[in-house]
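Whatever order the structure lists ligands and atoms in, that order sets their numbers, starting from 1. Here, residue 1 is the first one in the sequence, and each next residue gets the next number.
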Amino acid sequence: MSTTNSLHKILIVGGGAAGLELATSLGKKLGKPGIAEIILLDASQTHIWKPLLHEVAAGTLDASEELEYLAQAHRNHFRFRLGRMVGLNRATQEVTVSPTISDEGEELIPERSFHYDTLVMAVGSISNTFNIQGVEQHCMFLDKAVEAFKFQKHLVKACIKLHAQHENNNEQQLSIAIIGGGATGVELSAQLHEVSRVLAIYDLAEGIDKIKITIIEASPRLLSALPSNLSIATQKQLVKLGVDLKLNRRVVNITDTSIETHDGEIIPADLKVWAAGIKAPDWFKDLDGLEINRINQLVVNQSLQTSDTHIFALGDCAACPWPGHKENVPPRAQAAHQQATTLHKTLVNRMSNKPPVDYVYRDYGSLVSLGKYSTVGNIMGNLMGTVTIGGFMARVVYLSLYTMHQAALFGYFKTTMLTLSNLFRSTISSRIKLH
Ligand SMILES: Cc1cc2nc3c(=O)[nH]c(=O)nc-3n(C[C@H](O)[C@H](O)[C@H](O)COP(=O)(O)OP(=O)(O)OC[C@H]3O[C@@H](n4cnc5c(N)ncnc54)[C@H](O)[C@@H]3O)c2cc1C
């Protein structure tokens, strides 16, 4: 990128839960007074907070939750550049960005490189397919908004077909299989169930009882990262909704029409969603010698710095130590939010040669939303031991995680106004997207 001035350049790659919050706060603190130039690079033009993607997939998310990066950059004194990072040259302090191609195949922006003085890697994670046969070809993923929108379109088409078949007395069934019984798989199954009921209300789904949802999970229980009483409560709720749970089943092969498990069972499935674990992108294996772990995450120290003092990493793509625990900080939105706050302080200090600030993960617990049916989880994590909550209170706490993200992007006043306007809008718009 052409250099317009000699300001210190902080290049943030990835504008997700972590990167966009960081770009926004640094823009206000360092960009506005002209202390540093803040540049955010993202492969997409818009931002949707990733934990909402199962709602995008189910068609229940309001389109207004999508944020234009350019507008956010303009309001918060940072620059946004569209592009997908593909390589790094640490000697010249440059990242390489692949050409940007339009949907019609036209090259909009040629390959280019961006110089940095400080680089922040915040590109998140992708699904880990564990090289299982057929997953890449036949499954859908919820890694990006565009994939979630694609799933939603398939779902609506399938429901329209099912409805027409029912009217012709053709008793077909639509089977949806979700592989992975962690929070993503569980939340998606509840959302899909809710959608099938709303479709019935809208008269698009006589015969909606013909939609079958199955979760296939390798461990003996759903939500294995949460206490077992929460798993049991969740399992009971899903079974009550008619979701078929296949626990202790390892997927070994996927075809266009079915899923095969290790014990030889063949489970028919029209739509298949893979939600069984994450890894950082494979191109991290070739990041000019930076150390990665077995799931490709960049190894960082307590202040989120890689072995290169000019390069930091945060969010899902970083392997950050969690003192007192064998495992690293978990790949969660709450960790991404906290890390953005800490790294902001470190990068502000860096401008005046002050020391970095250490990041300590505060586990406020985990909540899993079962749509309108309930929310289950434990709050305060290791601060107060495990306190389990459910029902309305859990729903409020669950939503507060998103509110914290919005507050980091827009401030508290605008977040309150947004929440109120969404409440009003929900009374007039359709509860799901039907196109
Ligand atoms: C369906 C679902 C539900 C979830 N629910 C919860 C929850 O309830 N609670 C919770 O704590 N966590 C939840 N998570 C996990 C949470 O979303 C992630 O931990 C969090 O988003 C990580 O933030 P991040 O900034 O590291 O990455 P992301 O938020 O994924 O952002 C990464 C950004 O990098 C961009 N990018 C990727 N590659 C490139 C590239 N090569 N060049 C340029 N830009 C690039 C992407 O476009 C994206 O904007 C959920 C995840 C999913 C998928």
Item to check | Nitrogen or oxygen of Asp42 less than 3.5 angstrom from that of ligand 1 | outcome: yes
Next on the checklist: Counting only heavy atoms, tell me which of Val123, Leu41, Thr46 gets closest to atom 32 (C) of ligand 1.
Outcome noted: Val123
Checklist entry - Counting distance only, does the side-chain N/O of Lys212 pair as donor-acceptor with the main-chain N or O of Ala177 below 3.5 Å? => result no
Item to check | Short side-chain to backbone donor-acceptor contact, Asp117 and Lys9, under 3.5 Å | outcome: yes
Item to check | For the student: nearest non-hydrogen atoms of Gln297 and Ala318, plus distance | outcome: NE2-O, 3.4 Å
Item to check | Any N or O of Leu314 closer than 3.5 Å to N or O of ligand 1 | outcome: no
Checklist entry - Quick one: NZ on Lys236 to CG on Leu241, what's the gap to the nearest 0.5 Å? => result 14.0 Å
Item to check | For Gly315, the ligand 1 atoms whose distance to one of its heavy atoms is below 4.0 Å | outcome: 26 (O)
Next on the checklist: Val135 vs Ile179, test: side chain to side chain contact (heavy atoms under 4.5 Å, CB included). Steps then yes/no.
Outcome noted: CA-CA 10 Å; Val135 177; Ile179 303 107; over 6 Å; no
Checklist outcome for this item: Near Gln334 (heavy-atom distance under 4.0 Å), the atoms of ligand 1 are 11 (O)
Item to check | Residues Gln338 and Tyr361: side-chain donor-acceptor under 3.5 angstrom | outcome: no
Next on the checklist: Using only atom types and a distance under 3.5 Å, with no angle test, would you say the side chain of Gln72 pairs donor to acceptor with the backbone of Leu409?
Outcome noted: yes
Checklist entry - What protein heavy atom is closest to atom 29 (O) of ligand 1, reported as residue, atom name and distance in Å? => result Ala17 N, 3.0 Å
Next on the checklist: Listing request: all salt bridge (Lys or Arg N to Asp or Glu O under 4.0 Å) pairs with a residue in residues 83-109, at least two apart in sequence or in separate chains.
Outcome noted: Arg90-Asp308
Checklist outcome for this item: If we number the atoms of ligand 1 from 1 as shown, the ones under 4.0 Å from a heavy atom of Ala336 are 23 (O)
Next on the checklist: Counting neighbours of CG on Asp282 that are heavy atoms of other residues, nucleotides or ligands and sit closer than 6.0 Å, is the number greater than 12?
Outcome noted: yes
Next on the checklist: Geometry only, no angles: is Leu401 polar-contacting ligand 1 at N/O separations under 3.5 Å?
Outcome noted: no
Next on the checklist: In this structure, does ligand 1 have an atom that sits under 4.0 Å from one of the heavy atoms of Ala122?
Outcome noted: yes
Next on the checklist: Tell me whether Ala18 has any N or O atom under 3.5 angstrom from an N or O of ligand 1.
Outcome noted: yes
Item to check | Heavy-atom gap Trp49 to ligand 1 smaller than 4.0 Å | outcome: no
Next on the checklist: Among all the protein's non-hydrogen atoms, which is closest to atom 21 (O) of ligand 1, and how far away is it?
Outcome noted: Lys50 CB, 3.5 Å
Checklist entry - Which atoms of ligand 1 have any heavy atom of Gly83 under 4.0 Å away? => result 42 (N), 43 (C)
Checklist entry - Within the structure, does Ala333 bring an N/O atom to less than 3.5 angstrom of an N/O atom in ligand 1? => result yes
Item to check | Enumerated ligand 1 atoms positioned under 4.0 Å from heavy atoms of Pro331 | outcome: 19 (O)
Next on the checklist: Below 3.5 Å, N or O to N or O, backbone or side chain included: is there any such pair between Met85 and ligand 1?
Outcome noted: yes
Item to check | Closest protein heavy atom (residue, atom, distance) for atom 34 (O) of ligand 1 | outcome: Gly14 CA, 3.3 Å
Item to check | Test item: side-chain donor near acceptor, Asp42 and Ser44, under 3.5 Å | outcome: no
Checklist entry - Of all the non-hydrogen atoms in the protein, which one sits nearest to atom 14 (N) of ligand 1, and at what distance? => result Pro51 CG, 3.9 Å
Checklist entry - Taking all non-hydrogen atoms of both residues, which atom of Ser189 and which atom of Leu238 are closest, and how far apart? => result OG-CD2, 3.7 Å
Checklist entry - Tell me: protein heavy atom nearest atom 53 (C) of ligand 1, and distance? => result Leu142 O, 3.5 Å
Checklist outcome for this item: Here the atoms of ligand 1 under 4.0 Å from any heavy atom belonging to Tyr69 are 49 (O)
Checklist entry - Can you check whether Val13 has an N/O within less than 3.5 Å of an N/O in ligand 1? => result no
Checklist outcome for this item: atom 1 (C) of ligand 1 has as its nearest protein heavy atom Thr184 CG2, 3.3 Å
Checklist outcome for this item: In this structure, atom 27 (O) of ligand 1 is nearest to the protein heavy atom Gly124 CA, 3.3 Å
Checklist entry - Do we see a donor-acceptor contact under 3.5 Å between the side chains of Glu291 and Ser307? => result no
Checklist outcome for this item: In this structure, atom 8 (O) of ligand 1 is nearest to the protein heavy atom Tyr398 CE1, 3.8 Å
Checklist entry - Parallel, tilted or perpendicular: which fits the ring planes of His47 and His405, with parallel below 30° and perpendicular above 60°? => result tilted
Next on the checklist: Quick one, Phe284 with Lys279, criterion side chain to side chain contact (heavy atoms under 4.5 Å, CB included). Give me CA distance, side-chain angles, the key distance, then yes/no.
Outcome noted: CA-CA 10 Å; Phe284 270 28; Lys279 62 177 181 178; over 6 Å; no
Checklist outcome for this item: In terms of heavy-atom contacts, Thr129 and Trp274 come closest through CA-NE1, 3.7 Å
Item to check | Heteroatom distance test (Asp316, ligand 1): nitrogen or oxygen, under 3.5 angstrom | outcome: yes
